[in-house]
S.K.: 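Take this structure first; my questions come after.
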Amino acid sequence: MVVKIAVLVSGRGSNLQTIINSIEKGYIENAGINVVISNKGDAYALERGKNHGISTVFLDPSRCDNAGYDRKILEVLKQYDIDLLLLAGYFQLLGPEIIEAYRNRILNIHPSLLPSFKGLRAQKQALEYGVKVVGCTVHFVDEGLDSGPIILQSCVPVIQGDTEKTLTARILEQEHIIYPEAVRLFVEGKLKIKGRTVISF
Ligand code: GAR
């Protein structure tokens, strides 16, 4: 069976690109990205999708309320018969309807070692707090903010003199490793959730 993937994006799309590359290179087998959905019309991620022959959809959030927006996303997911939804730099909360419909089939990448530094500008939050180790997390999405069961994490050191920009770049390198790995594990059916704990085998 080929796992049909949709990717939700808002911006640059470098994580989307690594997933595309991982599928094209055969690192992730038996899966394809069927659609890229953006809440920003000018997201570069849309170009990346088009460059690889993937359908892209811009859904304008200003045209409906939150519940209506979620229903629009769900319509697209149904239209493409999507099995797995990936959030890749998607800066909007998903509503309960989508989370229920895709329970344990939505993954997100976040640039911190969760549960530390949830929400926006995690790298800046970490620098301001003064931590010495940061990182990134791939997790299942539930109703909370960056709160679902953790699949993979990777650590990177904070180096004296780091700025938000240098730290973000160092974390991003690790994001590009663990997100494709988590997707591969999911696609191969190698993830099991027990309470809050994800077991991979
Ligand atoms: C990534 O660093 C991702 O972890 C972060 O946005 C960036 C998107 O980059 N996501 C969040 O902060 C979500 N809370 P990309 O568009 O190049 O993949």
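Keep in mind that the numbers below use all heavy atoms, side chains included, and drop hydrogens, waters and symmetry copies. Just so you know, ligand 1 is whichever comes first in the structure, and atom 1 is the first atom listed for that ligand.
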S.K.: Keeping Arg48 on the side-chain end and Gln17 on the backbone end, is there a donor-acceptor pair under 3.5 Å?
M.R.: no
S.K.: Looking at every non-hydrogen atom in both residues, tell me the closest pair between Lys118 and Leu145 and how far apart they are.
M.R.: CD-O, 3.4 Å
S.K.: Would you say ligand 1 has an N or O under 3.5 Å from any N or O of Gly13?
M.R.: yes
S.K.: Who's the nearest protein heavy-atom neighbour of atom 5 (C) of ligand 1, and how far?
M.R.: Pro111 CD, 3.8 Å
S.K.: Would you mind checking which non-hydrogen protein atom is closest to atom 3 (C) of ligand 1, with the distance to 0.1 Å?
M.R.: Glu175 OE1, 3.3 Å
S.K.: Considering non-hydrogen atoms of the protein only, which is the closest contact for atom 6 (O) of ligand 1, and what is the distance?
M.R.: Phe91 CZ, 3.3 Å
S.K.: To check your reading of the model: name the closest protein heavy atom to atom 9 (O) of ligand 1, its residue, and the distance in Å.
M.R.: Arg12 NH2, 3.0 Å
S.K.: Pairs of nitrogen or oxygen atoms closer than 3.5 Å, one from His110 and one from ligand 1: do any exist?
M.R.: yes
S.K.: Which residue holds the protein heavy atom closest to atom 8 (C) of ligand 1, what is that atom called, and what is the gap in Å?
M.R.: Gly89 CA, 3.6 Å
S.K.: Using side-chain heavy atoms (C-beta onward) and a distance below 4.5 Å, is Ile19 in contact with Tyr179?
M.R.: yes
S.K.: Please indicate whether any nitrogen or oxygen in Asn108 is less than 3.5 Å from any nitrogen or oxygen in ligand 1.
M.R.: no
S.K.: Please give me the minimum heavy-atom distance between Leu59 and Tyr69, naming the atom from each residue.
M.R.: O-OH, 2.8 Å
S.K.: Is it true that a side-chain atom of Ser22 and a backbone atom of Thr18 form a donor plus acceptor pair closer than 3.5 Å?
M.R.: yes
S.K.: What atoms of ligand 1 come closer than 4.0 angstrom to any heavy atom of Ser14?
M.R.: 15 (P), 16 (O), 17 (O), 18 (O)
S.K.: For Arg103, is there an ion pair with Glu143 - N to carboxylate O distance below 4.0 angstrom?
M.R.: yes
S.K.: Can you see whether Glu47 engages Asn51 through a side-chain donor-acceptor pair at a distance of less than 3.5 angstrom?
M.R.: no
